[in-house]
Amino acid sequence: MSGKKTKRKTLGLSTRIFIALLAGAAGGVLIHYYMPGGYIRDKVIVNGLLYVLGNGFIRLMQMLVVPLVFCSLVCGSMAIGDTKTLGRVGIKTIIFYLCTTAMAISLALGVASLISPGVGMSIAAAEETPVAAASSINFADTLLNMIPKNIFGSLASGDMLPIIVFAVFSGIMLAKLGNKASTVSNFFSQFNDIMMEMTMAIMKAAPIGVFCLIAKTFAGIGFDAFVPMLKYMASVIVALAVQCFVVYQLLLFGFTRLNPFKFVKKFFPVMAFAFSTSTSNATIPLSIDTLHKKMGVAKQISSFTIPLGATVNMDGTSIMQGVAVIFIAQAYGIALTPSAILTVILTATIASIGTAGVPSVGLVTLSMVLSSVGLPTEGIALIMGIDRILDMLRTSVNVTGDAVCTTVVAKQQGMLDKAVFDADDVKASE
Ligand code: ASP
């Protein structure tokens, strides 16, 4: 099935995606500044061709998320089998996720306090602008909603947490029943293989999809809006970069002794996918596949930790929220007490759990963090205009955090094949 026979030198998927990213950004900027507006530019190119091809690519990936998460989780928990190991993996993962999120917010608060992005801002512009409705997350309900009332309802609406609970439960029962339920277990593992093959097939179109998504975004963004917000953007970007390339890599090396450079290189296509689509959820299939094929992580682990992380672990989002809190406080001239800072760390961690892995939701849950310390939610209007680009960056960090945790947990459980991790990158055209 795979076409590995040809010795012809082809560019690897990472390289092709990287080229598509750059070309898309350049193409988008050219369209924005040099192509005269009108029917051809707006309707045919930007909202026609680029929109259909770009969003078609995201949809192809999204279509796999629910069946893939369900099947691979059933298979994963069935293969692990005993509830003790599953429990250990679950607890380790959740602790890791919570700690990295708290670290991310603290880092963001530190960087923003140093750069002081909001000092000297005029707040007048924000005052009349309406803001997305504040979302209040009730912790008790969040817990209760993890248990599906109707699994088909949860599957149909793509609610990850109830799907995870039901799938893990089913996997444990299948393991318990053993041969008596072999038809069902074979069905799930074969269906899972089909989903993985589909992921790889769809990824062949990634350079085109990425090009169109990025070109469309840049075609719609004027850089003039960025100028007054440069310090805010710089604070978010610096904190995201430190979290992604320093904190995570130190954690990875510290816990596993694996080579962080290799990790980043192999994980790059997933980061680029998250960057161009701004959705952690749609990134799940690719992330599981990359961790398995390129890093040697057993699917039993990643099929559990990746969907869980895409739902509850949003370190990039909490970084944006941490910086936004400082920015808005400074813009409105409100001083934050040490106890307010602690409240921010706590509520942003909870907000990260409540943020769905789809575009722009981080901005909505930000209102909950602002309200917790009495900051005006209207402040969100200040950062709304430039959030698109930051959403792309933070989504890449969100998925990287999930992958680092997965790699650490897999290594600790003895479920990481080091030979695969150390091997040179597999050409993704396979
Ligand atoms: N777009 C982000 C994600 O999917 C969520 C957000 O911060 O808006 O991870």
Side-chain angles (χ1 to χ4, degrees), residues 1-2 61-94 146-203 281 283-311 402-403 405-407 409-417 420 430:
M1 216 186 249
S2 58
M61 220 38 147
Q62 277 171 332
M63 112 189 148
L64 302 182
V65 172
V66 168
L68 182 128
V69 166
F70 190 76
C71 291
S72 62
L73 257 175
V74 170
C75 296
S77 36
M78 182 171 64
I80 294 181
D82 75 307
T83 40
K84 244 201 219 141
T85 314
L86 268 172
R88 212 172 315 127
V89 169
I91 288 173
K92 262 189 203 169
T93 308
I94 289 168
M146 287 172 65
I147 306 169
K149 273 193 205 154
N150 172 354
I151 185 60
F152 295 103
S154 307
L155 289 168
S157 52
D159 285 342
M160 271 320 149
L161 291 179
I163 294 178
I164 291 174
V165 168
F166 189 82
V168 170
F169 209 169
S170 309
I172 296 171
M173 291 307 139
L174 280 175
K176 210 173 146 201
L177 287 171
N179 273 344
K180 272 193 259 169
S182 60
T183 313
V184 178
S185 29
N186 284 340
F187 168 79
F188 279 121
S189 69
Q190 287 170 6
F191 199 72
N192 191 27
D193 290 345
I194 297 173
M195 293 298 109
M196 283 298 173
E197 282 297 317
M198 279 168 86
T199 309
M200 287 326 290
I202 293 167
M203 275 313 282
N281 272 3
T283 316
I284 295 172
L286 181 63
S287 196
I288 294 179
D289 195 67
T290 305
L291 284 165
H292 178 60
K293 289 206 179 117
K294 294 190 182 178
M295 321 247 197
V297 170
K299 275 195 212 148
Q300 291 96 299
I301 300 288
S302 58
S303 63
F304 172 61
T305 54
I306 293 294
L308 185 68
T311 318
D402 303 340
C405 168
T406 301
T407 312
V409 173
K411 181 82 180 18
Q412 291 190 341
Q413 292 297 126
M415 293 173 109
L416 183 139
D417 185 343
V420 176
E430 31 193 277

Open item on the list: Just so I know, are the side chains of K92 and Q413 near enough to count as touching, which here means a heavy-atom distance under 4.5 Å?
Closed with: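 In contact.
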TODO: Only pairs at least two apart or in different chains count here, so list each ring pair (Phe, Tyr, Trp, His ring centres under 6.0 Å) that has a residue in residues 165-192.
DONE: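 For residues 165-192: F70-F188, F187-F191.
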- [ ] Could you check V89 against M415 for side-chain contact (heavy atoms from CB on, under 4.5 Å), going step by step and ending with a plain yes or no?
- [x] CA-CA 11 Å; V89 169; M415 293 173 109; 5.9 Å; no
Atom [atom1] in [X], atom [atom2] in [Y]: separation rounded to 0.5 Å?
X: I164; Y: S77; atom1: CD1; atom2: OG; value: 10.5 Å
X: Q190; Y: M195; atom1: CD; atom2: CE; value: 12.5 Å
X: I194; Y: T199; atom1: CD1; atom2: OG1; value: 11.5 Å
X: D159; Y: M146; atom1: CG; atom2: CE; value: 12.0 Å
X: D289; Y: S72; atom1: CG; atom2: OG; value: 10.5 Å
X: I94; Y: T305; atom1: CD1; atom2: OG1; value: 11.0 Å

Closest contact, heavy atoms only, [X] versus [Y]:
X: S303; Y: G76; result: OG-CA, 3.9 Å
X: V297; Y: H292; result: O-ND1, 3.2 Å
X: P285; Y: L64; result: CG-CB, 4.2 Å
X: L174; Y: M78; result: CB-SD, 3.6 Å
X: N192; Y: L68; result: OD1-O, 4.3 Å
X: G309; Y: D402; result: C-OD2, 3.3 Å

Open item on the list: If you count every heavy atom of other residues, nucleotides or ligands that lies below 6.0 Å from N179 atom CG, does the total exceed 12?
Closed with: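 Result for CG/N179: open.
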TODO: Mind running side-chain contact (heavy atoms from CB on, under 4.5 Å) on M196 and K299 for me, showing each step along the way?
DONE: CA-CA 11 Å; M196 283 298 173; K299 275 195 212 148; 3.8 Å; yes
- [ ] Step by step, work out the side-chain contact (heavy atoms from CB on, under 4.5 Å) result for M295 and T406.
- [x] CA-CA 11 Å; M295 321 247 197; T406 301; over 6 Å; no
- [ ] Evaluate the criterion side-chain contact (heavy atoms from CB on, under 4.5 Å) for residue pair L308 and L161; output intermediate values, then yes/no.
- [x] CA-CA 7 Å; L308 185 68; L161 291 179; 3.9 Å; yes
Task: side-chain contact (heavy atoms from CB on, under 4.5 Å) partners for V66, two or more places apart - done: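 Once residues adjacent in sequence are excluded, the partners of V66 under the side-chain contact (heavy atoms from CB on, under 4.5 Å) criterion are L155, I163.
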